[in-house]
Every structure is written in structure tokens, then in C-alpha cells.
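Just below is one structure, and these are the notes that go with it.
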2 protein chains.
Amino acid sequence: MSVRKVAELAGVAPMTVSRVINTPTKVRPETRERVLKAIERLGYVPDLVASSLSSKRSRIVSALVPTLGNPMFSQVIQGLADTLRAADYHLIIGDTRYSAKIESALVLEMLGRRPEAIVLTGPVREERIRKALLRAGITVVQIWDLQPGHIVDCAVGFDNYAAAVAMMRHLLGRGYRRLGFMAIVGDERARERQVAFREALAQHKLKPTFEALPSRFDPAYDPTDEFIRQIEQHPETDAVFCASDMLAHLAIFACQRKGWAVPGRIALAGFGDLPLSAKIVPSLTSIRINQYEIGRRAAEVIVQRAGGLRPRTLVQDLGYEIVERESTAPP
Amino acid sequence: MSVRKVAELAGVAPMTVSRVINTPTKVRPETRERVLKAIERLGYVPDLVASSLSSKRSRIVSALVPTLGNPMFSQVIQGLADTLRAADYHLIIGDTRYSAKIESALVLEMLGRRPEAIVLTGPVREERIRKALLRAGITVVQIWDLQPGHIVDCAVGFDNYAAAVAMMRHLLGRGYRRLGFMAIVGDERARERQVAFREALAQHKLKPTFEALPSRFDPAYDPTDEFIRQIEQHPETDAVFCASDMLAHLAIFACQRKGWAVPGRIALAGFGDLPLSAKIVPSLTSIRINQYEIGRRAAEVIVQRAGGLRPRTLVQDLGYEIVERESTAPP
DNA sequence: CTGAAAGCGCTTACAG
DNA sequence: CTGAAAGCGCTTACAG
């Protein structure tokens, strides 16, 4: 099945078949009809691989996220997928498992598909990769965290550090003073939140009661146990800033098991504002990021660029919002 | 940047560069070294589009799931992505939003990329699409639900109906008799569970107290409110079978808000056994499906097929497991 | 409005 | 072990 077969059946040149598919208005209606009928009869599906090669437009976008298992990122992917599909692009995805090494290997692999754009979560970490990206001359959209110094091309996201600072302001404003921090090790974005956590405390001449970073690669990995252990070892803790809502949910359940009132005994705050966070009991104070919108905007930038437009702003800060809920009511 | 440039720099023919990349052992070590150096120096990344076209091997797999937002499916995708990457395949994804129409359009689009295999969630619903798939002559792996009559090619999943029947056996065995059912409308897989729910009750000469199917397209969509409304309208209900763990989690929170003891007042059971279900208070009885494994096996089938092997079994039933937890303790 | 020629960047299938 | 020729299935850039 190929343009040639269709052309033969319709009694036209292959070029005309190509026109019917790509620029139908440039073909006389009668001719178009004949070609369309031939396409239909043969069940012809144009080969986009060949099309990509000769037109030098792959209509492919690659996106790399740390993990697909995290709803934060799957929402971003969903936003990307929906918007790109509407513009006739296909999306190739890869997950880096939070590893810079895997990320680099994936970028190189992806580049082989000649994508028109590549979406990366966070800054490029290897100089070699940055060079390869530049040499490829494609649109690079860095999503999620905005770190101005490291942006290769475009960026859509929010200020992770500022968001964490705002949450700390909220917690301190509520009167909490003995704060713990919890994140999953390997999550570099969480590291930034941790820095904000420390600095905010330091400004108030306070010290963390604990900073726990269970590793998902640790065979004994269980954030729930880790949380309980930390609270028992540091019973003065009156609030815990969790680097993700999922951790905060687990902490709430741990507290329920232990009979620790939230927020009476311990206040809890998360990050990401998952849908469940508004519904959980107690409802969870969190930092809302519009994940879907990040994906949508990233796709938008890509489509605009492909259309020859220079997007007005190369860096789009979509902001964040502290959502104050029951879990951090004043003590 | 092309094989030609590399070939010139290395002083060999393009064909030799191709060999160094694809079958390096077939090139004399000294020649290979020279070519490798040229590749390195130029930062050459082979064009997989051109490679696909001439070799007729795209090394692409397309996967369609109803939504990426549901952790059930993102786990499947993760299993696919990991396994396919290890075999040097790229994964193009699409989400059908539970729509047969979108699914059909996506399949046709995907076919244009000449994937070596396509992964579909559930059976193909349009005859036209089944034909297109057959004509494409590629591996089609139907995942998730196993419906023998509708399988185009291979299938990896579990028996949705049997799983729901097993859960009903559990609930009835625990002594619950006044059962309600809840699912999100549009989820066809949930429909099967609903049928099992009804039939199991009928066998015991029982009737549902309610069957609620909130629609995510309904502006007033709120499964929590819907759950509360149903329980208040049908206060005799002593247990609710939720077609997904997420719904069951929301139901648990709703009960906490209302002061309805789970399982004292109402027992709850879910489907999918999300990680949170073991941790939530009360822990949730659910049906465990190994989502990641479904993805992994689907990829395995694809890789085996590509290697010329006929997989031993075309239909792999990975089974399910009723995980009995606190939420359905005897009344 | 339509078509013949050339070429996109690889690899297949020979040939030596 | 290496290479020259042909071709994968489209589209670009002309030409008429």
C-alpha cells in the first residue's frame, strides 16, 4: 500500500495523491474525489515515516518525566498529549527514574527520531546533552521547575523555591515552630523545597526537628514507618512539611493509626495538591500547581514555534497557590 | 549530519558507518575505531526515521489507554515503557478518554507511524478498525480486560467479570446483604463489574440497594456527594462495591465526615488495589491486579514477536487477588 | 491544477 | 571485511 498504488487506481500521479492528503484545496474537486475513493477502497494509511523523512517534519514530540507513576507528572503528560494531538503531533514518552544518566541516554535516543521538540522535566544536567540539544536545533521546553540560569530554550513551570518558602511562611504564621521535613530521596525538585525549608527556619532562628529522606531504592523503604519513627524520636515536632501530597497522605494515615490528632498533635502540609487532598480527613494544606496546564502550555509553545512564531515569552511562570486546609489549622 | 559526513571523515563508505552502528562486530576493529571517532567528533546521532523507512523496522510501539490520569493505567504504561526501552523500542502513547470514536481515530493515526505493534486497552469496537489492524499485519496486544471472543491477536490481562464475582462472594460471605454499587460512567470495564455485581446478588435472590454512575462529564460531578446522597436515600445499605479504589477512598472520607463507621455502618470494597489502599484507615479491601506486570508482559510479547518467535500463549491471564482488609470486616 | 525528476538518510542485497 | 547501486515511500521544487 503506497501513494503509487493509490495513484494508479485513481489514474493520477503520486504527487496528486500527496496533495489530496496534505493540501486538498489545491486539487480540483473531481480529481480529489477520485483519489479519496481510491484511498478508501485500498484502506490506504499514509506512511508518516516516509513523510517525515522527505518533508523534514516529523510531527513528533518527545517528553521525558522522572516517573509516570506520579500523578503530578501523568497530569502534565495528559496536558501535553491532549494539546499535541489536536495539532496532529505524536508524543513519545520516556521516564528517567530520577536518574541524570538515564535522562541523558534517553535524550540522545529520542534525538534519533528527529522530534520537532523535546520536553524535559527540570534543567539539563550534562553539558554534552545541552550541546546535542543545541546542535539538533529543535525546540526544547523545560517544564516543571523554573531555574532561570539553566534554561536551554523555553520553560514552563513555577518557582519551586518560592512555593516552599510561601508554605513555610504559612506554617510559621500559624504558630508552628518545631518543624520536620520529609521527602523521597532522589527527587531533586524536593531538594529545593528542603533548602527553602531550612532557610525559612534559619531566618526565624529555628532548627529542623528532623529531615527524613527515605529512599525508594532502599529495601526497607516505607515512608509510613519512617514518619512514625521520626515523630517518636522527635516528639517535640508540631508540624511536618512533606515534599509531596502522597507522603502527606501516608503521614495522615500513620497519625490516625497512632492516635495522633492532625492538626492537634501534629500539623501536616503537602505539595502538589492532588485531588484527594481536598477530600481526605483532615483535608490537607498543600501547594497547588496546575500540572495539566503546564503540559498544555508546553505543547502550545511547541505548536507556536512550529508555526514559525516566536512565543512572546520564553519563560512562563504559572505560579502556585498555598491552599490552606484543616491539616494546618492553628494549634 | 549524516552517515555520509561521518563516512567522509572516517574515510570509509556510508555502508561501513551503518555497520559500525548496527552490527559492529562485522567491522574490523581498526576501521570501527576510526568510524567511532568520527561519530564522536561530529556528534552524529543516526536518523531513526530514515533507518525505519529503509529497514522497514520502526522500533516503535503505540499504546492507547483510556486515560493517563488513572494510576491503574499509568502503571501499565510504566511497565511497557521500561521493558520496551530495554529492547530499544520507543513508545508513542495516546489516551482515548474512554471514547470509542477517539480510539478509532487514534489507531488510524498511529498506524501511519508504522509501529511494529500496537497496544490497546480492551477489545476493538469498530469493524473498520479491526480490518485496518489486520491489514497492517502488526502485533496487536489487547491489554487489561480479557474477552476471548473479541481478541484480534494477543491479550494480556485478567478476567474482570470473574474478579468482580469473587469480590461479591467475599462480601456476601462476610454477611453483607444490602449492597450498593458505584462506578464512573463511561468506564466500560466497570460495566462488566456491574454485571457481575447484579448477577451475584440475583443468585442470592437479592437486589441492589442502589447503582450509582456519576459522570465525569457532568458539571455537577462529585462522586463524594453522590455517595452520600445514595447512602442517605438508601440507608439500609450495609456495603458498597466501588468499581475503583479511588472511588472507595473518597467513600471512606465521606463516611468519616458523616460519622459513619467503616465497616461498622457500611463496608466498602474497591478495585485495583492502589498503594494507598493498604495504608488508608480503615485499610481497603480490594482486588489486586498487577498493572505493571500487564505492561511488562505486553512488551515481552511484542519483543518476542519481533524476534520471530511465536509466543507460546496468545492469551495470558495474569489473574487477580481479593485482598481482604479492614473495610469489609464482618458486620 | 497536475506531474516528472530528484532526493530525504538510511539499509538491503549483492558483489568482490 | 568493505563498498557501489538501488530503493524504502513520501515531498520539495520546478515546470507546464
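So you know, we letter chains A, B, ... as the sequences are listed, proteins then strands, and number each from 1. Note that the coordinates shown come from a computational prediction; the quantities given were computed from them, not determined experimentally. Basis for what follows: all heavy atoms, side chains included, without hydrogens, waters or symmetry-related copies.
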Report the secondary structure of DNA chain C in dot-bracket form, marking unpaired bases with a dot and bases paired to a different strand with |, and treating Watson-Crick or G-U pairs with both distances under 3.5 Å as paired. |||.||||||||.|||
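- Considering only side-chain atoms of A:Ser2, the nucleotide from C:dG9, D:dG3, D:dG9 that sits closest is D:dG9.
- For A:Gln142, there are no side-chain hydrogen bond (donor to acceptor under 3.5 Å, both in side chains) partners two or more places apart in sequence or in a different chain.
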Check: residues 72-81 of chain A side-chain donor-acceptor pairs under 3.5 Å, at least two apart:
unit_1: A:Ser74; atom_1: OG; unit_2: A:Asn70; atom_2: O; d: 3.4
unit_1: A:Ser74; atom_1: OG; unit_2: A:Pro71; atom_2: O; d: 3.4
unit_1: A:Gln78; atom_1: OE1; unit_2: B:Thr67; atom_2: OG1; d: 3.4
unit_1: A:Gln78; atom_1: OE1; unit_2: B:Leu68; atom_2: N; d: 3.1
unit_1: A:Gln78; atom_1: OE1; unit_2: B:Gly69; atom_2: N; d: 3.2
unit_1: A:Gln78; atom_1: NE2; unit_2: B:Asp95; atom_2: OD2; d: 2.5

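- Residues satisfying the side-chain contact (heavy atoms from CB on, under 4.5 Å) criterion with A:Ile102, sequence neighbours excluded, are A:Arg97, A:Ser99, A:Leu106, B:Arg85.
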Contacts table for residues 46-56 of chain A: side-chain donor-acceptor under 3.5 angstrom, sequence neighbours left out:
unit_1: A:Asp47; atom_1: OD1; unit_2: A:Val49; atom_2: N; d: 2.7
unit_1: A:Asp47; atom_1: OD1; unit_2: A:Ala50; atom_2: N; d: 3.1
unit_1: A:Ser52; atom_1: OG; unit_2: A:Leu48; atom_2: O; d: 2.7
unit_1: A:Ser55; atom_1: OG; unit_2: A:Ser51; atom_2: O; d: 2.7
unit_1: A:Ser55; atom_1: OG; unit_2: A:Arg57; atom_2: N; d: 3.2

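- Sequence neighbours left out, not one pair with a member in residues 34-46 of chain B passes side chain to side chain donor-acceptor pair (under 3.5 Å).
- Distance A:Asp47 CG to D:dC10 P: 5 Å, rounded to the nearest Å.
- For A:Asp145, there are no salt bridge (Lys or Arg N to Asp or Glu O under 4.0 Å) partners, not counting sequence neighbours.
- Judged by distance alone, with hydrogens and angles left aside, the side-chain atoms of A:Arg19 form no donor-acceptor pair with the main-chain N or O of A:Val27 at under 3.5 Å.
- For B:Lys56, no side-chain nitrogen or oxygen approaches OP1 or OP2 of D:dG7 to under 4.0 Å.
- Looking at residues two or more places apart in sequence or on another chain, you find no salt bridge (Lys or Arg N to Asp or Glu O under 4.0 Å) involving B:Arg189.
- Near-neighbour residues of DNA chain C inside residues 28-42 of chain B, defined by a heavy atom below 4.0 Å, are absent.
- By the salt bridge (Lys or Arg N to Asp or Glu O under 4.0 Å) test, A:Arg128 is found to be paired with A:Glu126, residues two or more places apart in sequence or in another chain being considered.
- Here B:Val49 lies out of heavy-atom contact (under 4.0 Å) with every strand.
- Atom CZ in A:Arg4 sits about 11 Å away from atom P in D:dG7, given to the nearest Å.
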Scoring nucleotides 11-16 of chain C by protein non-hydrogen atoms under 4.0 Å (B base, S sugar-phosphate only, - none) yields SBB---
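- Between the side chain of B:Thr139 and the main chain of B:Ile302, no donor-acceptor pair closer than 3.5 Å is present.
- Annotation: salt bridge (Lys or Arg N to Asp or Glu O under 4.0 Å) contacts of B:Arg4 (sequence neighbours excluded): B:Glu8.
- Listed pair B:Tyr44 / C:dC10 meets the phosphate criterion, a side-chain N or O lying under 4.0 Å from OP1 or OP2.
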